[in-house]
Structure formats: structure tokens, C-alpha cells
Amino acid sequence: MVKDKKIKPSKELPLGFVDRKEKELLIRDFVISNIKEIMIKYGFQYLETPSFEYTDSIGKFLPDKDRPDEGVFSFKDEKNWLSLRYDLTAPLARYVAKNYLELPKPFKRFQLGSVWRNEKPGPGRYREFLQFDADYVGTKNLQADAELCVLISEILEKCGLDSNDYTVKISSRKFTDKLFEQLKIKSKEQISTILRALDKVDRLGWDEAKKLLGVGRKDKSGDYTKGASLNNDQIKLIESTLKSKTCNSEDVLEILKIFQAYNFTNYKFDPSVIRGLEYYTGPIFEVNLNFEVKNSKGQTIQFGSIGGGGRYDNLVSNFGNFDCPATGISIGLDRLVFALMQKKDFKVKVSRPVVICVFDKSQIKEYIDILNKLRDSNISSEIYPGEGKLKKQMEYANKISSPAVILYGEDEIKSGKATLKNLKTGKESSVKIEDLSNEIKKLL
RNA sequence: GCAGCAGUAGCUCAGUUGGUUAGAGCACUAGUUUGUGGAACUAGGGGUCGGUGGUUCAAAUCCACCCUGCUGUACCA
């Protein structure tokens, strides 16, 4: 036979996508089950919306009106542009607008699902990731905002973090609005440049951030970023206002009061929390981890926040002629799981099957009888699924970390007892078929 | 997008004054053991040296461009 040189399909993954293996998935399952439990306790409804939406519905009201396609994965069907959702808030706004009359007001829902962003991936950031989102729609009551912070904190602690491991930071758009009024800055473009610069205070420090407020900054790779062109007096005022950490924003003060009532203390008023989102209208929150996160090469990486949110009183009402204030928070679950795996040495219980070795295919009925008995006792088990000699079967069992193998060949069939081999200790024992389940449970 | 570093077997990597047939460890396959894994030994398979073009008698090695990855930075709903 002539071997054609076929062009082989690529085994590489598209940029920014990853395979996720069992350990990560099991920890993720653990996190998700905690979330569901807590959300139901807090009285939220569980919702799922499709991965695709009309680009219009999730893009139209974004700041980048000229480039609704930027940053999202989109395609055109016969008629319309569709996009994979880039978060769970925009689809929620669409859902609420569509079902506005039927829904209770306020409407509390939570959602878990993958979201996609067509942008350059970074450390721990991919183009597909799992997000958790909880929102209060249809209320101006700031207790909602406060409760979101309490709730996210409960989730993190339930997942094994303690209060030193994370901080909920809170600020308000109103705080910076006031500041800009004082500075007499009205240009929208300048304001967003300033906000972006302030957002970086944490990471770069004040000296570098101030360059971004003024002329501009050259980073260590040599790349230059243009600044907001403020004068020195303006920069000084911004710096002193933010550094004073005194909150003159009424909405935040009210939330802090509610925190007290909840006995919630692990928060920090931090006016440098910006979140860059132009649709936020009031209080904003961000959750940061306080421990170092390393990549697979052992390098400490800039991990950033694992969640955040805020009040967006105009997003839903963009869809129609109704007033619909809302507030929400989300967590990047894959990033949380990634961090959790480093913080805690999770002992994930992976159940591996007991392997029943095959000596003679004609005895398949005997093997299946044993298999059914084990499975009826809820023991993970299988008949060796491949083909080959006993040695190969043992190697397989070892490779999958099976706890034990069952040998039931000619000799055993004669005596009516199977050989049970514990793969951890290597010890073998002769066990009656009806006692197998109990004996296996002892060694699991 | 911009910048720095990197890309040689499935994985981790060695391999420069350019020079036979490109190496090692781990992993894999077979055997030593036709009913016994994790150890050892023996043998074996596996490579478009990221891609394309160029320089040269000769390129994994030098040059150009491109692709991909990591890190930082920008943007980030």
C-alpha cells in the first residue's frame, strides 16, 4: 500500500483556548456546588440563557458603538449578526427587557456559564471562560449592592479562603463624578483616560499612575502610553483626594452601614476601584486576592481581580421605555479555581475503578456477574476494556491508579473464590464472590 | 496592537568558530516473566530541528519575513 503524505489536521488549540483536566474540573464542581447552595439560600433564581445573542442585543449599547464587533466572536446567519456572549450581564438585560411584564420586581437571578472574548489572552485569562453572575434587577435599594458583597464573600470562604486571602473593595462612580466636577473636567474622553489611569494605581503605584494622568508613561518594555494631560494642580488634587480614603459618597456610606448590620468586615473603601466600565452608574465593587499566584513555570504573575461588579441603572432601560435600575456581581470561576489550586492543597477524591481482569473471553458472563455485583454496591468498577495479556492489564490498572484488580481465571473458578489484589500494597487475598464488595470497600 | 524572551521526539531539554546518518532522560512498544503493575535490564519505534524564502559546496546553527507560546504593556463590556 502506498502511504500518501496526507496533510494532517492540527492538534494545536486555537489561541486562548485550553483543555481542562479532571482535577481542575472537580475543584470547579466543588466551587459550583457551593455557589448554587449559597445562591438558593440567598433567594436567587437559577437562569440559563443561550451562548449566542444577536450582536445588536449585547453590543448596541456598549461604549464602542462604532465597533460593535470588536472583542466578540461573531458570525452572520442569513439575516443577522450573532455573537457569542462576552458576559452574563448583557444577556440578562436582554432577558429582563423581553420578559419585563411577567417578572417579579425586583428580580433576583444567578447564572453560570461560559463566556467568550475575542482578545489577547493573558496569564490565567483565556478567550473562553466560566463566569458566575448574580444580579438584582429592578431595585434602587442599596441593600442589594451590600448583599452582593456579603454573598460573594460567603462563597469565597465556603470554597476554603479565609478573610486574609481576599478583600472586597468598594467605591462609587459618584465619588469620581464629584471629583471631576471639582476639577471642572467635562471631556468624556479625558475622563475615561483618567479613570483608566486611576485603575492602575494598585498595580503601578502612584508615581507611575501620575505619569498617565499627565503627559504619558513609558513602560519597561518600551511601550508608550499617552496620558490625560492634566496639569500639576489637578493631579495633586486627585492624588490627595484618593489617598485620603475618606468617603464622601453617600451611596457607599450607606452600604458600609449595611455591612455593619450584616457583621461583614472584610471590605475596604478604595476610590481607585474603577472597573473601566462605562455603564456603571453607582457603587462598584471588586474582589482581589491577597496572595501570590504563580504560573506553570513558577513565575509570579499579575493576577488581577477575580470578580467584581456594580450598579448599572441604565442598561436594562436601554431596551425600552421603562426605568429599570439594577446591580450585579460576577466571578471568573476558572481564575478562582486556578488560584484555589495554588492556595490550598486540595485533596480531590478521584474514584478510579476496580479492574476485573479478563483471562478468557468466553468467561465474559462470569465477569459481568461480578461487575454487576460491584456496581450494585456502588463500587466504581470495570472489566478491562482493552485486549491483551494479564501483564498489560495490570499495567493499565496501575496507570489509571486503580485501587485493586480482581483475578478470576481457571484456578479461581475451580475454587469458587476470586483473587483480589490490592494495588497499593500488592497483597493478594482469596475472596468469595459474594464477599468481594465488602472486602473492596475495606481497602478503598 | 506594542515590546522582551522562546520554539529541536508525546514531555523536559542538550546540540555555535556552519561540516558524516540530529542526541539524552522520561514516556511509548516488545521481550527477560505464555497468570501479575509500580523496580531493573535488553531491543525497538518515533523528528517537515515552528514555517517560508535567502546566503553557502554545505544550515538545527547565519540573515529576512511570517506563525505560535510565555511575560509585560495597551485595550477590556
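A note on names: the letters A, B, ... follow the listed sequences, proteins ahead of strands, and every chain is numbered from 1.
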Between [X] and [Y] (salt bridge meaning N to carboxylate O under 4.0 Å), is one present in this structure?
X: A/Asp207; Y: A/Arg217; result: no
X: A/Lys178; Y: A/Glu181; result: no
X: A/Arg352; Y: A/Glu22; result: yes
X: A/Arg94; Y: A/Glu53; result: yes

Under a 3.5 Å cut-off for both distances, is [N] Watson-Crick or wobble paired, and to whom?
N: B/rG45; answer: none
N: B/rA22; answer: none
N: B/rU32; answer: B/rA40
N: B/rC65; answer: B/rG51
N: B/rA58; answer: none
N: B/rU73; answer: B/rG1

Whole-Å distance separating the [atom1] atom of [X] from the [atom2] atom of [N]:
X: A/Arg217; N: B/rU73; atom1: CZ; atom2: P; result: 7 Å
X: A/Lys392; N: B/rU34; atom1: NZ; atom2: P; result: 16 Å
X: A/Asn118; N: B/rG1; atom1: CG; atom2: C1'; result: 13 Å
X: A/Glu292; N: B/rU71; atom1: CD; atom2: C1'; result: 15 Å
X: A/Arg203; N: B/rG72; atom1: CZ; atom2: P; result: 9 Å
X: A/Leu204; N: B/rC75; atom1: CG; atom2: C1'; result: 14 Å
X: A/Gln393; N: B/rU36; atom1: CD; atom2: P; result: 11 Å
X: A/Tyr408; N: B/rU36; atom1: OH; atom2: C1'; result: 19 Å

[X], nearest nucleotide to its side chain (from [options]):
X: A/Lys120; options: B/rU73, B/rC28, B/rG37; result: B/rU73
X: A/Lys399; options: B/rA27, B/rG37, B/rU73; result: B/rA27
X: A/Glu412; options: B/rU73, B/rG35, B/rA27; result: B/rG35
X: A/Glu395; options: B/rG35, B/rA74, B/rG37; result: B/rG37

Say you pick atom [atom1] in [N] and the same atom in [M]; how far apart are they, in whole Å?
N: B/rU12; M: B/rG19; atom1: C1'; result: 29 Å
N: B/rU52; M: B/rA59; atom1: C1'; result: 15 Å
N: B/rU61; M: B/rG45; atom1: P; result: 27 Å
N: B/rG23; M: B/rC70; atom1: P; result: 31 Å
N: B/rG4; M: B/rG46; atom1: C1'; result: 35 Å

Give a yes or no on whether A/Lys243 atom NZ has more than 12 heavy-atom contacts from other residues, nucleotides or ligands under 6.0 Å away.
yes

Within the structure, does a side-chain N or O atom of [X] lie under 4.0 Å from either OP1 or OP2 of [N]?
X: A/Lys200; N: B/rG72; answer: no
X: A/Arg196; N: B/rA74; answer: no
X: A/Lys389; N: B/rU34; answer: no

Ring centers of [X], [Y] separated by less than 6.0 Å:
X: A/Phe44; Y: A/Tyr136; value: yes
X: A/Phe110; Y: A/Tyr46; value: yes
X: A/Phe75; Y: A/Phe52; value: yes

Of residues 420-435 of chain A, the positions that come close to RNA chain B - non-hydrogen atoms, cut-off under 4.0 Å:
A/Lys421, A/Leu423, A/Lys424, A/Gly426, A/Glu428

Does A/Leu407 reach a base, just sugar-phosphate, or nothing at all? Heavy atoms under 4.0 Å.
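Result for A/Leu407 = base.
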
Toward the 5' end of RNA chain B, which comes first, A/Tyr396 or A/Leu15, by nearest nucleotide?
A/Tyr396

Show the numbers, then the answer: is there a salt bridge (charged side-chain N to carboxylate O under 4.0 Å, His left out) between A/Arg109 and A/Asp135?
CA-CA 6 Å; A/Arg109 75 88 242 223; A/Asp135 296 81; 2.4 Å; yes

Check this for me: does the side-chain of [X] come within 3.5 Å of the base of [N] through a donor and an acceptor?
X: A/Asn398; N: B/rG37; result: yes
X: A/Glu119; N: B/rG1; result: no
X: A/Arg125; N: B/rC76; result: yes

